[in-house]
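The block underneath contains the structure these notes are about, expressed in structure tokens.
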Amino acid sequence: MANPFVRARYLLAAHNHKQLPPEGGTEVAFAGRSNAGKSSALNALCQQNAMARVSKTPGRTQQLVYFDITPPSEEPVPGNYLVDLPGYGYAKVPQDLQAHWQAFIHQYFQTRESLKGLVVVMDIRHPLREYDRQMLGYAVNRGLPAHALLTKADKLGRGQQTQTLHAVKRDLFSAFGDTVSVQTFSGESKQGVEEARAVVAGWLGL
């Protein structure tokens, strides 16, 4: 299918709830622990090399970063967005900043009506850490669909990929029922990119 995200562009970075775009549009959030490959996944989905920064220093995303994917129109229309959540939980940041983010993200998941789904990016070699489960729990408790990307799949052989995928599926079903889907993914080899793109586009109604 044609890529609905290819024109994605940076819109804004929000440090608190008042800085978020007006309600009325649709958005999908992306979460992931530091160094899980979230920026690379976003870039791969949008077929852009540097839309989301890929940093040598993990955890540099310090706001909710909005990327606008709204098709060009002469009329003002509600926006469609991809939202890059801060990769904290284990990043080296002060405790007061971690507390701020925990409160902000909790409020975001509780109250953001435009939010239509959550993608949780996790390294296939280290899946379902505490932060991943916390973020999935936010989505499930809100009744939102969630999709887990097991990134860096190119680092494992096919057999190991399949084994890990099945293990994660069993764990997710045990914890959350059938509300969370999961796939293998690699921004490097582009494995699973079209599958993930279709999931996100479907949530956004594109």
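- By the 6.0 Å contact criterion, CD on Q107 is enclosed, its count of non-hydrogen atoms from other residues, nucleotides or ligands being greater than 12.
- Judged purely by distance below 3.5 Å, without hydrogens or angles, the side chains of D154 and S186 pair a donor atom with an acceptor atom.
- Dense packing is recorded around CZ of R112, with more than 12 heavy atoms of other residues, nucleotides or ligands lying under 6.0 Å away.
- Within a 6.0 Å radius of CD in E23, more than 12 heavy atoms belonging to other residues, nucleotides or ligands are found.
- The two residues R9 and T70 make their nearest non-hydrogen contact at NH1-O, 3.9 Å.
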- Task: In sequence, state the C-alpha distance, the side-chain angles, and the governing distance for V65 and F30, and then conclude on side chain to side chain contact (heavy atoms under 4.5 Å, CB included).
- Result: CA-CA 10 Å; V65 179; F30 286 73; over 6 Å; no
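- The pair K155-E188 does not meet the salt-bridge criterion, since no charged nitrogen lies less than 4.0 angstrom from a carboxylate oxygen.
- Looking at Q191 and Q161, their side chains do bring a donor and an acceptor atom within 3.5 Å of each other.
- D123 and T151 share no donor-acceptor pair across their side chains, judged by distance under 3.5 Å alone.
- Taking the six-membered ring for Trp and the full ring otherwise, the centers of Y138 and H106 sit less than 6.0 Å from each other.
- Between the side chains of N43 and Q48, no donor-acceptor pair of N or O atoms lies under 3.5 Å.
- Between R197 and F5 there is a side-chain heavy-atom pair separated by less than 4.5 Å.
- With salt bridges taken as basic N to acidic carboxylate O contacts below 4.0 Å, none links D132 and R33.
- Salt bridge absent: K169 and D178 never bring a charged side-chain N and a carboxylate O closer than 4.0 Å.
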